[in-house]
Amino acid sequence: MKKKIIGLILSAVMATSSAAALMACTPRNEVLKIYNWGDYIDESLIGEFEDWYRKETGKRITVQYDTFDTNEDMLMRIEVLKSDYDLVCPSDYMAERMINSGLAQKVNRDIIDITEDGFLVDGLAEMVQPFDPNNEYFVPYCWGTLGIMYDTDKIEPGSEAMKSWAAAWSNDYKKHILMKDSVRDAYSIAQIYINTDKLSGLSNGFTDYNEAYRAELVSYFTATNDKLIRAARDSLVKQKRMLYKYEVDDGKNDMLAGTTQAYLGTFWSCDVGLIMQEDGGEHFYYEVPKEGSNVWLDGWIIPKYAGNKTAANYFLKFINLYDDDYDFAMTNFDYMGTSMANKAVMDDAKIALTEDEDGFFEDKEDWFKDMYLDMMFPSEDVLARCGVMRDFGKKWSTELDSMWIDVKTL
């Protein structure tokens with residue numbers, strides 16, 4: 001375990017050193033360092049920001065843009081290496097951990113204020129409240145759901161079997177299933193699967209997602225203990241026999257290209273949206289299982305060791321600009337193919353997609369449009385069976401990491 005951690009740190013040090021060499025001749029106050037997920041911005045906007053920033057402030061800026069694969073990789077770079085990235089894009093539970101650990105700086109509301117009426121999609125502010133109650137540190141960026149995506153050339157669209165997490169444990173699809181190589185997502189899915197009967201009873205057979213049901217569901221995302229972790233581990237170990245493999249980011253592209261024997265898997269809606277925009281993407285279907293799932297929410301944090309907080313705040317303003325003069329936020333939505341936090345963008349996008357102004361749904365099956373719109377703009381029924389992940393704290397996060405090592409090695 002120590003060797004693995006040392007290897008990760010050395011790799012991060014080498015990457016940081018290379019990036020630093022490229023920027024060595026540029027004053028730090030003229031560099032904006034962004035650390036983001038892959039495929040998480042229209043990179044043409046980086047040059048646009050550099051031009052816009054000079055017009056807005058009269059100063060030069062150069063963007064150093066790096067990507068990470070997991071929240072944990074990002075946290076190691078900030079917490080252990082104390083890298084001076086100006087902006088990072090953690091998920092909900094990791095943002096909570098960073099805020100509680102003193103690794104986040106407050107946003108400058110004079111530059112970017114998410115508390116303005118109509119800024120956030122309805123409901124997102126409530127999702128942020130538990131870990132950033134005064135909206136001081138976290139600026140929501142994009143959001144979506146976790147569900148099952150499958151190839152309709154192999155499975156009938158709208159298949160009843162795909163409406164349940166049981167599909168990811170089913171012998172009927174043995175060696176054709178992809179599972180997220182993500183401890184938090186795998187653990188939560190396993191808890192829901194294990195407790196299917198209990199959740200069904202509380203929701204009257206998944207027809208009434210009431211307060212009692214939601215309290216039980218949300219408990220799987222907010223707290224854990226030894227008994228729950230052992231149960232999840234045993235279930236995930238059994239599931240391994242059914243899987244084709246674990247994956248983080250390449251599974252969607254392999255399925256689109258037809259270079260894998262897998263034809264169903266657990267996917268974040270943002271990844272599904274990306275491949276559904278590509279040729280051949282119309283052959284895929286996405287479903288949020290009836291038992292319940294999680295709503296993920298990714299957003300921006302200015303880390304403790306940021307060297308250019310001013311530019312970071314201006315970037316947060318820039319990436320959300322959508323008015324008569326600028327459409328940066330809509331440009332980014334068109335590229336990313338996922339639900340954005342910006343309400344004005346999503347309101348206009350829903351109208352455009354519903355009316356099919358760009359002809360996106362031409363020559364596609366009728367079911368595809370209905371499914372796609374429900375994925376991009378989750379209905380109240382879908383959101384009623386979803387919860388937001390929370391930080392379990394250092395002790396239980398460490399226990400979960402150990403569990404995941406057991407699952408992967410047993």
Side-chain angles (χ1 to χ4, degrees), residues 15-68 74 77-78 82-90 104-116 118-120 135-142 298-338 340-346 348-349:
T16 302
S17 299
S18 298
L22 291 172
M23 296 291 177
C25 298
T26 306
R28 184 64 181 89
N29 65 351
E30 294 183 8
V31 178
L32 174 67
K33 297 183 180 182
I34 300 175
Y35 200 27
N36 197 8
W37 300 90
D39 295 323
Y40 240 43
I41 195 172
D42 183 335
E43 293 196 21
S44 70
L45 292 175
I46 292 174
E48 294 268 14
F49 171 71
E50 294 173 348
D51 294 338
W52 175 86
Y53 184 81
R54 189 170 185 179
K55 293 176 184 176
E56 192 79 1
T57 67
K59 300 176 182 179
R60 295 180 181 273
I61 197 73
T62 300
V63 176
Q64 174 189 314
Y65 189 82
D66 299 326
T67 61
F68 57 85
M74 179 276 297
R77 184 74 69 90
I78 302 301
K82 297 180 171 57
S83 298
D84 68 334
Y85 280 105
D86 303 307
L87 281 172
V88 296
C89 189
Q105 297 191 49
K106 290 184 179 181
V107 171
N108 186 340
R109 285 191 177 178
D110 291 334
I111 299 175
I112 173 72
D113 188 359
I114 68 168
T115 64
E116 295 177 356
F119 184 93
L120 294 178
N135 300 118
E136 295 177 302
Y137 299 94
F138 183 76
V139 178
Y141 180 47
C142 52
D298 294 345
W300 301 104
I301 289 278
I302 301 175
K304 176 180 180 179
Y305 306 107
N308 196 344
K309 182 179 177 180
T310 298
N313 278 284
Y314 272 102
F315 184 84
L316 295 177
K317 177 180 179 179
F318 164 85
I319 203 65
N320 280 290
L321 281 175
Y322 179 55
D323 53 30
D324 293 338
D325 297 317
Y326 300 107
D327 64 351
F328 301 134
M330 182 61 80
T331 297
N332 204 33
F333 165 79
D334 289 338
Y335 169 82
M336 288 186 58
T338 191
M340 308 302 290
N342 189 304
K343 187 177 189 301
V345 168
M346 294 309 292
D348 283 358

Please identify each residue that fulfils side-chain contact (heavy atoms from CB on, under 4.5 Å) with [X], with sequence neighbours left out.
{"X": "A329", "result": "Y322, N342, V345"}
{"X": "D334", "result": "M330"}
{"X": "E30", "result": "T26, P27, R60"}
{"X": "D323", "result": "L321, D325, Y326"}

Check: [Y] and [X] side chains under 4.5 Å, non-hydrogen atoms:
{"X": "I114", "Y": "F138", "result": "no"}
{"X": "N108", "Y": "L316", "result": "no"}
{"X": "L45", "Y": "Y335", "result": "no"}

What are the two closest heavy atoms between [X] and [Y], and how far apart are they?
{"X": "Y40", "Y": "Y65", "answer": "C-OH, 4.3 Å"}
{"X": "G118", "Y": "K343", "answer": "O-CB, 3.2 Å"}
{"X": "S83", "Y": "Y305", "answer": "O-CB, 3.7 Å"}
{"X": "N29", "Y": "I61", "answer": "O-CD1, 4.1 Å"}
{"X": "A104", "Y": "Y137", "answer": "O-CE2, 3.6 Å"}

Looking at [atom1] of [X] and [atom2] of [Y], how far apart are the two atoms once the value is rounded to the nearest 0.5 Å?
{"X": "T115", "Y": "E136", "atom1": "OG1", "atom2": "CD", "value": "10.5 Å"}
{"X": "N36", "Y": "E43", "atom1": "CG", "atom2": "CD", "value": "9.0 Å"}
{"X": "D39", "Y": "T338", "atom1": "CG", "atom2": "OG1", "value": "12.0 Å"}
{"X": "R109", "Y": "N313", "atom1": "CZ", "atom2": "CG", "value": "12.0 Å"}
{"X": "N135", "Y": "L120", "atom1": "CG", "atom2": "CG", "value": "7.5 Å"}

The residue among Q64, R28, K33 that forms side chain to side chain donor-acceptor pair (under 3.5 Å) with D86 is R28
Start with the C-alpha gap between D113 and F119, add the side-chain angles, then the distance that decides, and say whether side chain to side chain contact (heavy atoms under 4.5 Å, CB included) holds.
-> CA-CA 8 Å; D113 188 359; F119 184 93; over 6 Å; no
With distance as the sole test, does [X] use its side chain to make a donor-acceptor pair with the main-chain N or O of [Y] at under 3.5 Å?
{"X": "D66", "Y": "Y35", "result": "no"}
{"X": "K309", "Y": "K106", "result": "yes"}
{"X": "N308", "Y": "V31", "result": "yes"}

Using side-chain contact (heavy atoms from CB on, under 4.5 Å) as the criterion, point out the one residue from I34, I78, I302 that pairs with V88.
-> I78
F49, F333, F318 screened by ring-ring contact (aromatic ring centres under 6.0 Å, His included) with F328, the one that passes = F318
F68/W37 aromatic ring centres below 6.0 Å = yes
Evaluate side chain to side chain contact (heavy atoms under 4.5 Å, CB included) for L32 paired with Y314, printing each intermediate quantity in order.
-> CA-CA 10 Å; L32 174 67; Y314 272 102; over 6 Å; no
For residues 51-58, dump all side-chain donor-acceptor pairs below 3.5 Å to protein atoms at least two apart in sequence or in another chain.
unit_1 : atom_1 : unit_2 : atom_2 : d
E56    : OE2    : K317   : NZ     : 3.1
T57    : OG1    : Y53    : O      : 2.8
T57    : OG1    : K59    : N      : 3.1

Side chains of Y141 and N332: do they bring a donor and an acceptor to under 3.5 Å?
-> yes
Under the side-chain hydrogen bond (donor to acceptor under 3.5 Å, both in side chains) rule, collect the residues that match up with D42, sequence neighbours excluded.
-> S44
